[in-house]
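Scroll down for the structure; my scribbles are underneath it.
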Amino acid sequence: MLVEDIMRRSLITIEPEDSIRLALLKIHQHRIRHLPVVSEGKLVGIISDRDMRDACPSIISTPHNEDEKILDTPVSSIMRKNVITAHPLDFVEEAALALYDNCIGCLPVVVNGELKGMITETDILYTLIELMGVHHPSSHIELEVEDKAGLLADVAQIFKEVNCNVTSVLVFPGKQPGKKNLVFRVQTIDPRNIVSKIEKAGYRMIWPRESEGLL
């Protein structure tokens with residue numbers, strides 16, 4: 001899946017010479033956390049709700065005339081200029097890694113400097129939910145296998161034999177050396193028949209576990 005498949009295209013933006021007052025108004029009116037700063041369609045910076053909180057005066061300690069002076073200051077004075085961005089043809093997992101590695105909440109999507117969209121941590125989370133199929137009635141089945149080629153296909157054959165549709169598959173290293181875990185999300189709310197066949201085939205179930213009364 002590509003960034004262009006999930007990015008938001010209808011964006012609220014602001015220009016560098018606009019005031020902090022206007023930026024604050026847009027953030028509150030549209031209930032957004034990030035405000036791209038553009039000039040002639042080109043991305044030149046970004047402002048977050050945290051930047052706004054840091055810049056806005058305190059109603060306790062700041063005189064009223066000083067409040068007005070700060071609020072009338074151009075956003076160019078507080079915007080972040082070195083913006084980490086994504087390209088529409090980047091993979092979603094690469095965008096997720098960029099968000100995580102840089103501890104940021106959004107990635108403006110640009111092509112040749114021109115702002116095309118925005119992707120946020122919320123967009124990534126929703127995409128993960130969709131990819132894993134957890135927004136539909138289903139069951140989680142997890143088992144441990146040897147870290148050898150072809151075992152995923154062998155296990156998938158079991159689902160085919162019982163005519164059960166698989167909505168998502170995850171593979172990750174197991175807790176023991178030479179092992180890996182296979183996680184399936186399957187379209188059934190009663191996985192007992194599938195689990196029984198998987199165990200008869202010699203695989204160790206991680207979830208559900210009959211010993212804990214989960215079957």
Side-chain angles (χ1 to χ4, degrees), residues 1-136 168 170-172:
M1 182 175 287
L2 301 176
V3 165
E4 67 178 3
D5 296 324
I6 68 169
M7 71 183 187
R8 304 181 185 192
R9 301 174 187 269
S10 298
L11 302 179
I12 306 301
T13 64
I14 199 165
E15 297 188 358
E17 62 272 15
D18 290 333
S19 67
I20 292 176
R21 187 194 308 276
L22 180 59
L24 188 62
L25 180 63
K26 287 190 174 186
I27 284 177
H28 285 313
Q29 278 188 338
H30 299 281
R31 297 181 180 181
I32 55 178
R33 295 176 53 197
H34 305 93
L35 192 59
V37 184
V38 298
S39 178
E40 297 181 354
K42 300 287 186 177
L43 181 72
V44 295
I46 194 165
I47 300 172
S48 69
D49 54 349
R50 178 178 297 180
D51 297 326
M52 296 302 302
R53 288 195 300 269
D54 292 342
C56 287
S58 169
I59 61 174
I60 298 175
S61 60
T62 309
H64 177 71
N65 59 343
E66 189 66 21
D67 291 355
E68 294 299 315
K69 182 178 179 181
I70 293 173
L71 291 174
D72 289 336
T73 302
V75 296
S76 58
S77 64
I78 64 168
M79 69 182 187
R80 299 171 185 263
K81 298 179 181 179
N82 297 320
V83 185
I84 299 171
T85 64
H87 188 277
L89 300 183
D90 288 343
F91 291 110
V92 169
E93 57 267 32
E94 294 171 345
L97 181 61
L99 290 172
Y100 177 79
D101 282 348
N102 295 284
C103 298
I104 54 178
C106 78
L107 286 173
V109 183
V110 301
V111 177
N112 297 325
E114 186 175 349
L115 183 65
K116 297 295 185 179
M118 178 88 78
I119 185 171
T120 68
E121 55 191 355
T122 301
D123 298 325
I124 294 290
L125 182 58
Y126 180 74
T127 300
L128 176 62
I129 292 171
E130 280 197 315
L131 290 176
M132 295 186 69
V134 296
H135 56 313
H136 295 298
S168 69
L170 294 176
V171 182
F172 58 91

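Because the structure is predicted, anything quoted here is derived from the model rather than measured.
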*Non-hydrogen side-chain atoms of Val111 and His87 separated by less than 4.5 Å*: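 The answer is yes, as the side chains (C-beta and beyond) meet within the 4.5 Å cut-off.
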*Drop me the distance from Leu43's CG to Met118's CE, to the nearest 0.5 angstrom.*
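If we round to the nearest 0.5 Å, Leu43:CG and Met118:CE are 8.0 Å apart.
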*Just how far is it from atom SG of Cys106 to atom CD1 of Ile84, taken to the nearest 0.5 Å?*
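Output value for this atom pair is 10.0 Å.
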Measure across [X] and [Y] and return the closest heavy-atom pair with its distance rounded to 0.1 Å.
X      : Y      : answer
Arg9   : Glu4   : NH2-O, 2.9 Å
Ile46  : Pro108 : CD1-CG, 3.9 Å
Phe91  : Val3   : O-CG2, 4.1 Å
Leu107 : Ala95  : CD1-O, 3.5 Å
Lys69  : Thr73  : O-OG1, 3.0 Å
Pro74  : Ile20  : O-CG1, 4.3 Å

*Checking side-chain contact (heavy atoms from CB on, under 4.5 Å) for the pair Met52/Ile47: CA distance, chi angles, key distance, verdict?*
CA-CA 7 Å; Met52 296 302 302; Ile47 300 172; 3.6 Å; yes
*Ionic contact status for Arg53 with Asp49, cut-off 4.0 Å*: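 Yes, charged N to carboxylate O under 4.0 Å.
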_Candidate pair Met79 and Val44, rule side-chain contact (heavy atoms from CB on, under 4.5 Å), full reasoning_ = CA-CA 9 Å; Met79 69 182 187; Val44 295; 4.2 Å; yes
Show me the donor-acceptor pairs, under 3.5 Å and distance only, between side chains in residues 27-41 and residues at least two apart or in other chains.
{"residue": "Arg33", "atom": "NH1", "partner": "Glu121", "partner atom": "OE2", "Å": "2.9"}

*Ile119: which of Thr127, Asp90, Ile6 passes side-chain contact (heavy atoms from CB on, under 4.5 Å)*: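 Answer to the side-chain contact (heavy atoms from CB on, under 4.5 Å) test with Ile119 among Thr127, Asp90, Ile6: Ile6.
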*Just wondering, are more than 12 heavy atoms of other shown residues or ligands nearer than 6.0 Å to CG in Asn112?*
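Check fails, neighbour count at 12 or below.
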_Those residues that, when tested against Asp51, pass salt bridge (charged side-chain N to carboxylate O under 4.0 Å, His left out) (two or more places apart)_ =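 In terms of salt bridge (charged side-chain N to carboxylate O under 4.0 Å, His left out), with neighbours along the sequence ignored, Asp51 is linked to Arg80.
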